[in-house]
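Take a look at the structure set out below.
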Amino acid sequence: MRGATLRVGERTGLGPGCRCMASVTIGDDCLISADVRFVGDDHPIHVAGRLNEAPSRFPREVVVGDDVLIGAGAIVIGPANVGTGAVIAAGAVVTGDVAPRSIVGGVPARVIGERRNP
């Protein structure tokens, strides 16, 4: 998307088929599985009229902290902050912030657990 940026930290891997349709910053030591989508909330859907004629806003930002795992096929809709150490389950749809070290899953994503220290 025009105006979007992608920044990827050290030792972070992105699986095949990942797409960034928002400005995305990913921290260090992250695992981003196949077919993950980062999407900006960039169309004003609450305004009457034809959606294809609505002006697109600047892409929203998604920030992913360090040591995050995002499962295959998950969608993260910005604006969103995914906290350090969080896990997003495969197929989840994230529509807001994810707390550090939390495990989220579902559509829409909700907290289903928490990562503990070893």
Side-chain angles (χ1 to χ4, degrees):
M1 170 176 247
R2 187 178 62 187
T5 60
L6 172 62
R7 294 185 182 103
V8 179
E10 295 184 29
R11 299 172 304 280
T12 288
L14 280 82
C18 289
R19 301 193 85 173
C20 295
M21 297 167 276
S23 290
V24 181
T25 301
I26 303 172
D28 298 334
D29 303 306
C30 295
L31 298 172
I32 312 299
S33 299
D35 300 317
V36 169
R37 305 285 190 260
F38 297 100
V39 181
D41 174 19
D42 64 347
H43 287 283
I45 61 171
H46 298 294
V47 177
R50 292 194 299 215
L51 287 172
N52 65 345
E53 292 179 354
S56 180
R57 299 184 301 240
F58 186 79
R60 300 291 182 102
E61 186 173 27
V62 175
V63 177
V64 177
D66 298 333
D67 189 33
V68 170
L69 183 142
I70 303 179
I75 300 171
V76 181
I77 301 172
N81 288 296
V82 179
T84 294
V87 174
I88 299 173
V93 177
V94 174
T95 59
D97 294 344
V98 175
R101 299 166 48 116
S102 63
I103 302 169
V104 300
V107 179
R110 61 180 177 79
V111 176
I112 58 175
E114 185 176 321
R115 289 180 68 191
R116 293 180 239 130
N117 287 329

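Atom set for the values below is all heavy atoms of this structure, side chains included, hydrogens, waters and symmetry mates excluded.
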What's the shortest heavy-atom distance between [X] and [Y], and which atoms?
X	Y	result
Ser33	Ala72	CB-N, 3.2 Å
Val36	Gly71	CG2-O, 3.4 Å
Ala92	Gly105	CB-CA, 4.0 Å
Ala74	Ile88	CB-CG2, 4.0 Å
Val98	Ala86	CG1-CB, 3.7 Å

So CD1 of Ile26 and SG of Cys18: to nearest 0.5 Å the spacing works out to 7.5 Å
State yes or no: do [X] and [Y] share one hydrophobic cluster built from I, L, V, M, F, W and Y residues joined by side-chain heavy-atom distances below 4.5 Å, directly or via other members?
X	Y	answer
Ile112	Val87	yes
Leu31	Val8	no
Val104	Ile32	yes
Met21	Val94	no
Leu69	Ile103	yes

Dump the intermediate steps for side-chain contact (heavy atoms from CB on, under 4.5 Å) on Phe38 and Val64, then the final yes or no. CA-CA 10 Å; Phe38 297 100; Val64 177; 4.1 Å; yes
Mind checking side-chain contact (heavy atoms from CB on, under 4.5 Å) for Asp97 and listing every partner two or more places apart, or none if nothing turns up? Asn81
Residues that Asp28 engages under salt bridge (Lys or Arg N to Asp or Glu O under 4.0 Å), provided they are two or more places apart: none
Can you sort out the partners of Asp66 under salt bridge (Lys or Arg N to Asp or Glu O under 4.0 Å), two or more places apart, ordered by chain and number? none
Flag if over 12 foreign heavy atoms under 6.0 Å of CZ, Arg110: no
